[in-house]
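What follows is a single structure, written as C-alpha cells, with notes after it.
Along the sequence shown, residues carry numbers from 1.
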Amino acid sequence: MESEIWMSFQTSRGANATLFLGVVIAVWVAARFASVSMDKGANTVGKVIVSLFALSVFAAGWNMFTYIGNQFVGHAVAFQGLKNSGVEISPLAQGFIDTYGTEALTMPNMIGAAFLIAGLLIAVLPMWVKTTD
C-alpha cells in the first residue's frame, strides 16, 4: 500500500510542475503587460485593467501554490493513516510525515509567497509610483 501512495505522489508531481510553470509564465505575462502599457503611455483605465490582471495572477498563483502544498500534506496524511492501521512504514515515509504532516495549508510556503508578492509589485508599482530620474 505504501508504494501506491508513493506512486500517487509521483504522479501528482508532474501536474504540480505544470501548475508551477503556468504560474511563472502568468507572472511574467503580467509584468510584461505592465511594462508595455507603461511604454505606450496607458491612461488610468488601462492601468486599472493591467493592475486587475496582475492581481488576478497573484490570487491564482497563491491558490495554485497552496494547492500544491496541500498535496504534500494529503500524502503525509495518507502515510499516517497507513501507519495508524498497523502497517509498518518505511523510514522515508516516516520522514515525509515528519516534514509535511501538518494541518491543511491556507497559504503557500514563504518562498512561493515571496515570489508572488515580488511579481505583483514588479507588475503594479511602476504604473502607479512615479520615479525620479
Side-chain angles (χ1 to χ4, degrees):
M1 187 65 174
E2 180 181 332
S3 63
E4 290 178 18
I5 296 171
W6 282 119
M7 179 130 7
S8 171
F9 177 72
Q10 184 59 32
T11 301
S12 72
R13 301 294 290 148
N16 292 345
T18 303
L19 289 172
F20 176 75
L21 184 59
V23 170
V24 169
I25 291 169
V27 168
W28 177 80
V29 168
R32 184 70 181 135
F33 280 2
S35 175
V36 168
S37 69
M38 288 305 297
D39 290 345
K40 296 198 180 243
N43 60 18
T44 303
V45 173
K47 290 178 183 179
V48 167
I49 291 169
V50 172
S51 295
L52 286 173
F53 178 74
L55 284 169
S56 69
V57 166
F58 170 81
W62 192 273
N63 186 41
M64 292 298 172
F65 285 176
T66 303
Y67 175 76
I68 291 169
N70 278 325
Q71 285 188 342
F72 282 72
V73 172
H75 283 89
V77 168
F79 284 129
Q80 185 65 53
L82 188 63
K83 181 180 176 182
N84 291 346
S85 72
V87 174
E88 187 173 334
I89 61 172
S90 69
L92 186 60
Q94 183 60 52
F96 196 88
I97 293 169
D98 295 341
T99 304
Y100 300 108
T102 64
E103 296 292 319
L105 304 176
T106 58
M107 64 179 282
N109 67 27
M110 295 312 295
I111 296 169
F115 171 78
L116 292 170
I117 291 168
L120 178 65
L121 293 175
I122 288 168
V124 173
L125 280 184
M127 289 188 299
W128 297 102
V129 176
K130 295 282 185 195
T131 59
T132 57
D133 294 334

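- Clustering of Ile, Leu, Val, Met, Phe, Trp and Tyr by side-chain heavy atoms under 4.5 Å joins Val45 with Ile49.
- One hydrophobic cluster, built from ILVMFWY side chains closer than 4.5 Å, cannot hold both Phe9 and Leu105; they sit in different ones.
- Closest approach of Ile122 and Ala31 over heavy atoms only: CG2-CB, 4.1 Å.
- Among residues at least two apart or in separate chains, side-chain hydrogen bond (donor to acceptor under 3.5 Å, both in side chains) pairs with a member in residues 31-55 are Ser51-Trp128.
- Considering all non-hydrogen atoms of both residues, Ala54 and Val124 come closest at CB-CG2, 3.8 Å.
- The two residues Ala93 and Phe79 make their nearest non-hydrogen contact at CB-CD2, 3.8 Å.
- Residue pairs satisfying the side-chain hydrogen bond (donor to acceptor under 3.5 Å, both in side chains) criterion with at least one member in residues 53-82, sequence neighbours excluded, are listed as follows: Ser8-His75, Asn16-Gln71, Tyr67-Gln71, Gln80-Asn84.
- Ile97 and Val77 fall into different hydrophobic clusters, defined by Ile, Leu, Val, Met, Phe, Trp and Tyr side-chain heavy atoms under 4.5 Å apart, directly or through other members.
- Ala113 approaches Pro108 most closely through the heavy-atom pair N-CG, 4.1 Å.
- A distance of 11.5 Å separates CZ of Arg13 from OG1 of Thr11, quoted to the nearest 0.5 Å.
- The shortest heavy-atom contact between Gly119 and Val27 is CA-CG1, 3.8 Å.
- Grouping the Ile, Leu, Val, Met, Phe, Trp and Tyr side chains by contacts below 4.5 angstrom, directly or via other members, places Val129 with Val50.
- For Met1, the CE atom sits in a loose shell: 12 or fewer heavy atoms of surrounding residues, nucleotides or ligands are nearer than 6.0 Å.
- At a threshold of 4.5 Å between side-chain heavy atoms, the hydrophobic network of Ile, Leu, Val, Met, Phe, Trp and Tyr places Met110 and Ile68 in one connected group.
- When the side chains of ILVMFWY residues are joined at heavy-atom separations under 4.5 Å, either directly or via intervening members, Val57 and Leu21 end up in a single hydrophobic cluster.
- One distance of note links CZ of Phe115 with CZ of Phe58; it measures 11.5 Å at 0.5 Å rounding.
- With values rounded to the nearest 0.5 angstrom, Ile5 atom CD1 is found 10.0 Å from Phe96 atom CZ.
- Residues Ala34 and Ala123 share a closest heavy-atom pair of CB-O, 3.0 Å.
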Could you walk me through whether Phe65 and Leu19 pass the side chain to side chain contact (heavy atoms under 4.5 Å, CB included) check?
CA-CA 8 Å; Phe65 285 176; Leu19 289 172; over 6 Å; no
Let's go through Trp6 and Glu2 carefully: what are the C-alpha distance in whole Å and the side-chain angles of both, what is the deciding distance for side-chain hydrogen bond (donor to acceptor under 3.5 Å, both in side chains) to 0.1 Å, and is it a yes or a no?
CA-CA 6 Å; Trp6 282 119; Glu2 180 181 332; 3.0 Å; yes
